[in-house]
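What you are looking at is a predicted structure, and each value in this text was computed from that prediction instead of being measured.
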Amino acid sequence: MVKPPQRSIVLCLPLLLPLTACGINLEKTDLEGLLLQSGDLPAAYRVNTVQALSPKQMERMVVYPQPLKGSELTFEQKSGATSYVRVFLFETVDDLEQAYGSMKNDFQQGFEGEPDAMKAAWNLTIQPEPRVGEAGLLVTGTYPFADSIGHNQVKEYGMAELLFRRCNAVVKARVKRTHERAARQVHGPTEPASTASADLASQDLLTYTTRLDTRLKDEVCP
């Protein structure tokens with residue numbers, strides 16, 4: 001009796017093997033192409049750079065373990081408020097989990113360590129962001145001092161920062177946005193910050209990163 005040929009089964013174990021073994025060539029991933037595509041940014045922004053990060057740059061941004069590769073997009077509002085998005089790829093899930101955990105702790109503690117009075121002045125919020133990535137953390141705030149524009153208008157500066165992970169990628173993004181609004185009648189030289197500019201920055205950030213997250217799922221997930 002002739003026995004049927006046996007089939008060998010090769011399992012892809014991302015916790016043990018490089019993700020390149022799962023059919024993904026991370027070295028050849030076009031991160032710059034993933035970072036910026038037509039329609040990503042509103043007309044209020046202009047692109048400055050889209051480029052690969054050097055090992056020394058990544059060493060300053062990610063303490064340990066080092067990413068396999070990384071790229072950065074920088075852009076700014078026409079008023080000069082600068083923003084960036086950075087994507088880091090890690091060869092194994094173990095590396096990614098270690099790096100993301102460390103980056104998340106630094107990211108969160110950097111804001112939570114501020115005095116309560118400053119948090120209130122900045123309208124600072126720190127919260128999980130479930131709409132982007134597999135796990136994420138979103139911070140929004142507004143600079144406490146606004147620039148006067150005549151007697152009735154002020155310009156305030158808002159920011160939104162997001163850290164999230166998707167498969168073997170970690171993304172850190174910051175959007176800064178200015179907003180002009182009517183001045184309030186207050187005592188003293190300080191114009192209290194509103195949430196308007198931070199809300200606009202957060203909206204732009206989440207719109208962009210949702211698009212980026214979709215591309216990451218298609219290109220770098222096993």
inquiry  = Salt bridge or not between Lys172 and Asp106? Use side-chain N to carboxylate O under 4.0 Å.
reply    =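 Result for this pair is no, no salt bridge flagged.
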Pair Glu76 + Arg46, salt bridge at N-O below 4.0 Å =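 A salt bridge is present here (some side-chain N lies under 4.0 Å from a carboxylate O).
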With a 4.5 Å cut-off on side-chain heavy atoms, are [Y] and [X] touching?
X      : Y      : answer
Glu91  : Asn168 : no
Cys167 : Glu134 : yes
Gln98  : Phe90  : no
Leu137 : Glu129 : no
Asp213 : Arg215 : no
Val139 : Thr125 : no
Pro128 : Leu138 : no
Arg166 : Val171 : no

key: Side-chain (Gln77) to main-chain (Thr178) donor-acceptor, under 3.5 angstrom   =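 Looks like yes, one N/O pair under 3.5 Å.
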ask   = Sub-3.5 Å donor-acceptor pair from the side chain of Ser202 to the main-chain atoms of Ala198, do we have one?
value =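 Judged by distance alone, no pair lies under 3.5 Å.
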Nearest-0.5 Å distance, [atom1] of residue [X] to [atom2] of residue [Y]:
X      : Y      : atom1 : atom2 : value
Glu219 : Leu212 : CD    : CG    : 11.5 Å
Arg60  : Leu53  : CZ    : CG    : 9.5 Å
Asn25  : Glu27  : CG    : CD    : 7.0 Å
Asp218 : Leu34  : CG    : CG    : 9.5 Å
Thr209 : Arg131 : OG1   : CZ    : 9.0 Å
Leu96  : Thr92  : CG    : OG1   : 8.0 Å

Under 3.5 Å side-chain donor-acceptor pair for [X] and [Y]:
X      : Y      : answer
Thr49  : Thr74  : yes
Thr195 : Asp199 : yes
Glu156 : Thr142 : no

task = Run through the side-chain heavy atoms of Ile, Leu, Val, Met, Phe, Trp and Tyr, join any pair under 4.5 Å, and report what else lands in Val63's cluster.
result =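 Members alongside Val63: Tyr64.
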ask   = How are the rings of Tyr208 and Phe75 set relative to one another: parallel (under 30°), tilted (30 to 60°) or perpendicular (over 60°)?
value =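 Correct class here is tilted.
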Which atom of [X] lies closest to which atom of [Y], heavy atoms considered:
X      : Y      : result
Ser71  : Ala52  : OG-CA, 3.6 Å
Ser197 : Arg177 : CB-O, 3.6 Å
Met58  : Lys69  : SD-C, 3.6 Å
Ala173 : Leu205 : CB-CD1, 3.5 Å
Leu124 : Met159 : CD1-CE, 4.0 Å
Pro42  : Asp204 : CG-OD1, 3.9 Å

inquiry  = Grouping I, L, V, M, F, W and Y whenever their side-chain heavy atoms are under 4.5 Å apart, do Leu200 and Tyr157 come out in a common cluster?
reply    =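 Leu200 does not cluster with Tyr157.
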Ignoring hydrogens and angles, write down the donor-acceptor pairs under 3.5 Å from the side chains of residues 81-89, residues two or more places apart or on other chains.
from  : atom 1 : to     : atom 2 : distance (Å)
Ser83 : OG     : Lys176 : N      : 2.9
Arg86 : NE     : Glu72  : OE2    : 2.7
Arg86 : NH2    : Glu72  : OE2    : 3.3

